[in-house]
Peer 1: 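There's a structure below that I have some questions on.
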Amino acid sequence: YGCWFVHVLILVYGGIYTYAETPLGNWARDTFHLSRNHYDRVGHLALGFFPALTIREVLLRRTPLAPGGWFTFITLSIVLAIGAFWELVEWWTTLVVAGDVGTAFLGSQGDPWDAQWDMLLALVGAALSLPLLSRAHDRSMRRAGILAEDAPPA
């Protein structure tokens, strides 16, 4: 729940200001002499980092899969599919909404590779989340009685 709370904070902050205009992103742009406000990249990294744990838990609870190589591959693939679907939603929105409003919604800020970077960052977020948080996630699920004590470790 703590991870989801942080994820919601990241999304709400980006939604309040629009991702391309967040004060924190503007500060980072000016301080580190970046070409643009990269706060949307934080949002896409979070799109992989936090939901990977939920996907992992659903797979552990509802499928016969056990932690290991293929389990990790499937989890990462689902995160990448969600990231790609979100990029399609953004693209469809720009087609439906007026060009200037749609472009502002996209937040690509002139980067032709924005969608690819966003999908990559979701994948990187998940790839970081799994090794960093899987053991703690397993302990939490064992305490809650969700994961059997004899389940293989992450």
Side-chain angles (χ1 to χ4, degrees), residues 1-29 31-32 34-63 65-97 99 101-141 146-147 153-154:
Y1 292 116
C3 289
W4 273 103
F5 180 71
V6 171
H7 190 201
V8 167
L9 289 178
I10 291 168
L11 296 175
V12 168
Y13 182 74
I16 289 171
Y17 294 101
T18 75
Y19 285 87
E21 298 297 329
T22 58
L24 183 60
N26 287 338
W27 170 84
R29 180 195 61 213
T31 302
F32 300 109
L34 302 172
S35 61
R36 55 173 274 194
N37 179 328
H38 286 285
Y39 187 80
D40 70 313
R41 305 279 197 235
V42 173
H44 284 279
L45 190 73
L47 179 67
F49 191 88
F50 299 113
L53 296 174
T54 302
I55 293 164
R56 182 179 185 279
E57 185 167 333
V58 168
L59 290 175
L60 285 171
R61 292 174 73 175
R62 300 292 181 201
T63 71
L65 296 170
W70 281 108
F71 181 82
T72 301
F73 175 77
I74 290 169
T75 303
L76 294 175
S77 296
I78 292 170
V79 167
L80 186 56
I82 291 168
F85 179 72
W86 179 252
E87 292 305 315
L88 289 171
V89 168
E90 287 183 340
W91 174 56
W92 294 330
T93 301
T94 60
L95 293 177
V96 172
V97 179
V101 176
T103 302
F105 172 76
L106 268 181
S108 63
Q109 302 174 67
D111 182 0
W113 295 99
D114 185 66
Q116 290 81 358
W117 275 111
D118 292 347
M119 288 184 284
L120 175 65
L121 285 168
L123 181 62
V124 168
L128 289 171
S129 171
L130 294 175
L132 291 174
L133 299 176
S134 288
R135 290 184 193 271
H137 188 217
D138 285 348
R139 283 191 305 272
S140 172
M141 288 191 295
I146 294 169
L147 190 62

Peer 1: Taking atom CZ of Phe50 and atom CG of Leu45, what is their separation to the nearest 0.5 Å?
Peer 2: 8.5 Å
Peer 1: So how far is it from Leu53 CG to His7 NE2, rounded to the nearest 0.5 Å?
Peer 2: 11.0 Å
Peer 1: At their closest point, which heavy atom of Ala127 faces which heavy atom of Leu76, and how far apart are they?
Peer 2: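 Distance-wise, the nearest heavy atoms are N-CD2, 3.6 Å.
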Peer 1: Roughly how far, to the nearest 0.5 Å, is the OG1 atom of Thr18 from the CG atom of Asp40?
Peer 2: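 One gets 10.0 Å once the value is rounded to the nearest 0.5 Å.
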Peer 1: Would you indicate whether the side-chain heavy atoms of Leu47 and Val79 approach each other to under 4.5 Å?
Peer 2: no
Peer 1: Rounded to the nearest 0.5 Å, what's the gap from NE2 on His137 to CG on Leu130? Could you check?
Peer 2: 10.0 Å
Peer 1: With a 3.5 Å distance limit and no angle check, can you tell me whether Asn26 reaches the backbone of Asn37 through a side-chain donor-acceptor pair?
Peer 2: no
Peer 1: For residues Ile82 and Pro51, determine if any side-chain heavy atom of one lies less than 4.5 Å from a side-chain heavy atom of the other.
Peer 2: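 Contact flag for Ile82/Pro51 side chains = no.
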Peer 1: Please identify each residue that fulfils side chain to side chain donor-acceptor pair (under 3.5 Å) with Arg62, with sequence neighbours left out.
Peer 2: none
Peer 1: Any side-chain heavy atom of Trp86 within less than 4.5 Å of one from Trp91?
Peer 2: no
Peer 1: Mark yes or no for whether Thr63, through its side chain, and Leu59, through its backbone, hold a donor-acceptor pair below 3.5 Å.
Peer 2: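 Confirmed, Thr63 side chain pairs with Leu59 backbone.
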Peer 1: So, for Gly14 and Thr22, which heavy atoms are closest and what is the spacing to 0.1 Å?
Peer 2: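 Minimum heavy-atom contact is CA-CG2, 4.0 Å.
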Peer 1: How close do Leu133 and Phe49 get, heavy atom to heavy atom, and via which atoms?
Peer 2: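 Smallest interatomic distance, heavy atoms only, reads CD1-CE2, 3.6 Å.
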Peer 1: If you apply the rule side chain to side chain contact (heavy atoms under 4.5 Å, CB included), what do you find for Glu57 with Met141, and how did you get there?
Peer 2: CA-CA 8 Å; Glu57 185 167 333; Met141 288 191 295; 3.4 Å; yes
Peer 1: Taking the side chain as everything from C-beta on, heavy atoms only, tell me whether Arg36 gets closer than 4.5 Å to Asp114.
Peer 2: yes
Peer 1: Quick one: closest heavy-atom pair of Ile10 and Gly43, and the distance?
Peer 2: CG2-CA, 4.0 Å
Peer 1: Hey, what's the ring geometry for Tyr39 with Tyr19, parallel, tilted or perpendicular (30° and 60° as the breaks)?
Peer 2: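 Aromatic pair Tyr39/Tyr19 classed parallel.
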Peer 1: Looking at CE of Met119 and CG of Leu123, how far apart are the two atoms once the value is rounded to the nearest 0.5 Å?
Peer 2: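 Rounded to the nearest 0.5 Å, the CE-CG separation comes out at 10.5 Å.
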Peer 1: Does some side-chain heavy atom of Cys3 sit less than 4.5 Å from a side-chain heavy atom of Thr54?
Peer 2: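 SC-SC contact between Thr54 and Cys3 ruled out.
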Peer 1: Is the distance between the ring centroids of Phe73 and Trp70 under 6.0 Å?
Peer 2: yes
Peer 1: Would you say the side chain of Tyr1 lies within less than 4.5 Å of the side chain of Ser140, judging by non-hydrogen atoms?
Peer 2: no
Peer 1: Do Leu24 and Tyr17 touch side chain to side chain, with heavy atoms closer than 4.5 Å?
Peer 2: no
Peer 1: Do Ile74 and Arg56 have side-chain heavy atoms sitting under 4.5 Å apart?
Peer 2: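 A side-chain contact is absent here, since even the closest heavy-atom pair is not under 4.5 Å.
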Peer 1: Starting at NE2 of His44, measure out to CG of Asp118 and round the result to the nearest 0.5 Å.
Peer 2: 3.5 Å
